[in-house]
Structures are given as C-alpha cells and as structure tokens.
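Before I ask anything, here is the structure I am working with.
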Amino acid sequence: MKDPDIRFYFDPVCPFAWMTSKWVRMVARQRDYQVEWRFISLRLINADVDYDARFPEGYDAGHTAGLRLLRVAAAVRADHGPDAVGAFYEQLGARVFDSAPDPGLDTPELDHRGTPDFVGPALTDANLDPSYASALEDSSWDAVIRAEGEEALALTGRDVGTPILHFEPPAGIAFFGPVISRLPREEDAAALWDHVVGLARFPGFAEMKRSLREQPQLRSFGVREDEAGLQEDWHGGSRRTHK
C-alpha cells in the first residue's frame, strides 16, 4: 500500500485543526494528494494538566467531547479504513464549526458534541451506520488514540498542539500546524502550501510562531467568511491570559 502524501493528526474539537484541514482538502484536490487522517486527543495529551488553572471554563468538557468523538472515529476506521475517517471528520467539522453556536445545549459536565444526538447525523451523512455512536462510551479505544497521539508527539516534541502534519511520511518531517485563521482562496491554496512545504523540507528549520491569532473564520466563532476575527493572544493552547 502506497504511503500517503500527508498524515494529518487531528482532534475534532480543535478549531485550528479544522481550519487547516479545510485548506489541506483544497490542496489535496488540486494536487491529487492522499491524506491519511490520524488521531491526537487534546484530553489525553493534557491528562496530567490542571484544567482549572490552565484553560478557560468549558475546555475540560470540550476536550472530553473530542476524545469521545475520536473513539467513534477509531471504531469506524477499524471496520472501514482511513478514508472513512476523513469523511466522518468532514461531517463533524461542518457541524461543530461551520454552524452557528448553540451554547444552551451544553452543561459544565457535558459538551453536546460528545453525545449520540450530535454524532448520529454526522455518521449518517458520512454514509456510516449511526450505531457507531455507541463507541462514544467505549474507553477501550483510548489505547489506540493515545498511541497515535504519542506517535505524533514523537515526531514533533511535546510542546505543541493540534493539528500535527507529517509531510511525505515516513521519511518526511512533521510540524505542529500550520495554524491559520482564514481560509485561502482556491487559487491561492496550493501556492501557500508550497511555501510551507519548502520550509518543512529544510532539515534545519524548527519553528516560526507568534502567539497573536485571529479568531478563526468560522461560524461557530461568529466570524463570517468575508471578515477577520478578533485578534487574541494565545498562551499554551488557550485564550486565557497568563500573568
């Protein structure tokens, strides 16, 4: 079996992973790339973190919802292979981020994105059996998800977030990001990609970063496709300002 052109490690509740995934799908269509969608759970890689001290309210429930959704994705992959994961993630992201938020559905203990009512329609629209929603509660998948996350972190180091992209695996290099807040136009997508890959191919390149980020151009953030989101200073994977 041919190695993919890109391995894309994602958590389904990460908005920046979703923005980058939409760009990567554009490039994949234009360049006929094969993308393998793989797992990294923010909840598992932050298992030893004090959420109250590090993250804004709601991150614990949100990251837990992401883990629950990855359990479903793992069950889907076991039966249908990696392409089905891509189709399922596409449906999840559209519902999580490209729809207006409905905060009334959440409680401090439970994010509605990790419920059968949310995941069932996404499975159906991905041409998958909605009964896979039962995997939301099946922690036996966590070992697979944890191992895949560790695989990604072994490629980049641990002081990163999502997404992680492995370019031209298995020999190519991997990086956290690229983190983008706006989706490029179709005619600009491949050129932007070539700049990123040019950096990634240089063996001595390590990092290019700034903590100032715009809110991503997603309906869930209230940001339209024709506007730029409010700029915020991110610290350690969250919008909380640390003193």
Side-chain angles (χ1 to χ4, degrees), residues 1-42 44-46 63 66 69-70 73-74 77 81-90 92-93 96-97 144-184 186 188-211 213-214 216-218 234 236-237:
M1 181 177 177
K2 177 180 177 292
D3 288 316
D5 299 286
I6 308 155
R7 287 190 175 131
F8 191 114
Y9 294 83
F10 72 95
D11 186 302
V13 300
C14 175
F16 292 105
W18 176 242
M19 282 297 300
T20 302
S21 79
K22 295 204 292 184
W23 170 39
V24 166
R25 289 179 192 274
M26 293 166 66
V27 174
R29 289 193 298 268
Q30 293 176 21
R31 295 287 177 82
D32 195 28
Y33 285 165
Q34 178 68 33
V35 181
E36 182 182 355
W37 305 94
R38 294 176 73 79
F39 312 139
I40 182 168
S41 165
L42 291 167
L44 292 180
I45 66 174
N46 288 303
H63 286 180
L69 293 172
L70 285 176
R77 186 176 65 186
D83 288 347
V85 174
F88 179 48
Y89 180 33
E90 191 167 22
L92 286 178
V96 172
F97 298 113
V144 171
I145 298 165
R146 182 180 290 105
E148 220 147 274
E150 290 298 321
E151 170 186 288
L153 295 176
L155 294 166
T156 61
R158 304 195 70 86
D159 188 22
V160 296
T162 59
I164 289 173
L165 270 66
H166 190 181
F167 301 88
E168 301 169 347
I173 200 163
F175 283 100
F176 162 50
V179 174
I180 60 172
S181 296
R182 308 183 202 179
L183 194 64
E186 285 278 352
D188 297 329
L192 179 60
W193 179 258
D194 288 340
H195 292 311
V196 171
V197 173
L199 285 173
R201 282 180 172 154
F202 175 58
F205 178 68
E207 181 177 36
M208 179 183 290
K209 182 179 179 178
R210 62 178 178 178
S211 62
R213 303 182 189 177
E214 297 170 357
Q217 208 173 52
L218 299 170
W234 281 60

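These numbers were taken from a predicted model, which means no experiment stands behind them.
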key: Distance, nearest 0.5 Å, that separates CD1 of Ile164 from OH of Tyr9   = 8.0 Å

ask   = So, for Ala189 and Val27, which heavy atoms are closest and what is the spacing to 0.1 Å?
value = O-CG2, 3.7 Å

key: Rounded distance [0.5 Å steps], CH2 in Trp37 versus OH in Tyr89   =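 One gets 6.5 Å once the value is rounded to the nearest 0.5 Å.
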
query = Side-chain contact, heavy-atom cut-off 4.5 Å: Leu218 with Lys22?
reply = yes

query = Closest approach of Gln217 and Met19, non-hydrogen atoms and distance?
reply = O-SD, 4.0 Å

Check residues 168-178 and write down every donor-acceptor pair under 3.5 Å in which the side-chain atom is one partner and the other belongs to a residue at least two apart or another chain.
from: Glu168; atom 1: OE2; to: Arg201; atom 2: NE; distance (Å): 3.3
from: Glu168; atom 1: OE2; to: Arg201; atom 2: NH2; distance (Å): 2.3

inquiry  = I need the minimum non-hydrogen distance between Arg77 and Pro82, along with the two atoms involved.
reply    = CG-N, 4.0 Å

query = Roughly how far, to the nearest 0.5 Å, is CG of Leu192 from CD1 of Ile180?
reply = 7.0 Å

request  = Scan residues 169-179 for pairs that pass side-chain hydrogen bond (donor to acceptor under 3.5 Å, both in side chains), counting only residues two or more places apart or in two chains.
outcome  =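 Qualifying pairs, neighbours excluded: none.
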
key: Spacing of CD belonging to Glu36 relative to CZ belonging to Arg7, to within rounding of 0.5 Å   =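 If I round to the nearest 0.5 Å, the distance is 5.0 Å.
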
query = Are side-chain heavy atoms of Asp3 and His166 found at a separation under 4.5 Å?
reply = no

task = Apply side-chain contact (heavy atoms from CB on, under 4.5 Å) to the pair Leu70 and Leu44, showing each step before the final yes or no.
result = CA-CA 11 Å; Leu70 285 176; Leu44 292 180; over 6 Å; no

request  = Kindly write out the residues that satisfy side chain to side chain contact (heavy atoms under 4.5 Å, CB included) with Ile45, not counting sequence neighbours, or none if the list is empty.
outcome  =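 Here the qualifying residues are Ile40, Leu42, Leu153.
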
ask   = For Trp193, is the NZ or CZ atom of Arg29 found under 6.0 angstrom from the centre of its six-membered ring and inside 45 degrees of the ring axis?
value = no

ask   = Taking atom CZ of Phe10 and atom CZ of Phe39, what is their separation to the nearest 0.5 Å?
value = 5.5 Å

request  = Might you point out which heavy atoms bring Phe16 and Thr162 nearest each other, and give the distance in Å?
outcome  =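 Here Phe16 and Thr162 meet closest at CB-O, 4.5 Å.
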
note = Between Asp5 and Tyr33, the two heavy atoms sitting closest are OD2-CA, 3.3 Å

ask   = Quick check: does any side chain N or O of Glu148 sit under 3.5 Å from a backbone N or O of Arg38, one acting as donor and the other as acceptor?
value =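 No.
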
note = For Gly66 and Pro12 the tightest heavy-atom approach is O-CG, 3.7 Å

message = Show, in sequence, the C-alpha distance, side-chain angles and deciding distance for Gln34 and Asp83, and conclude whether the side-chain contact (heavy atoms from CB on, under 4.5 Å) test is met.
response = CA-CA 10 Å; Gln34 178 68 33; Asp83 288 347; 3.4 Å; yes

key: Point-to-point distance, once rounded to the nearest 0.5 Å, from NE2 of His63 to SG of Cys14   =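 Separation between the atoms: 7.5 Å.
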
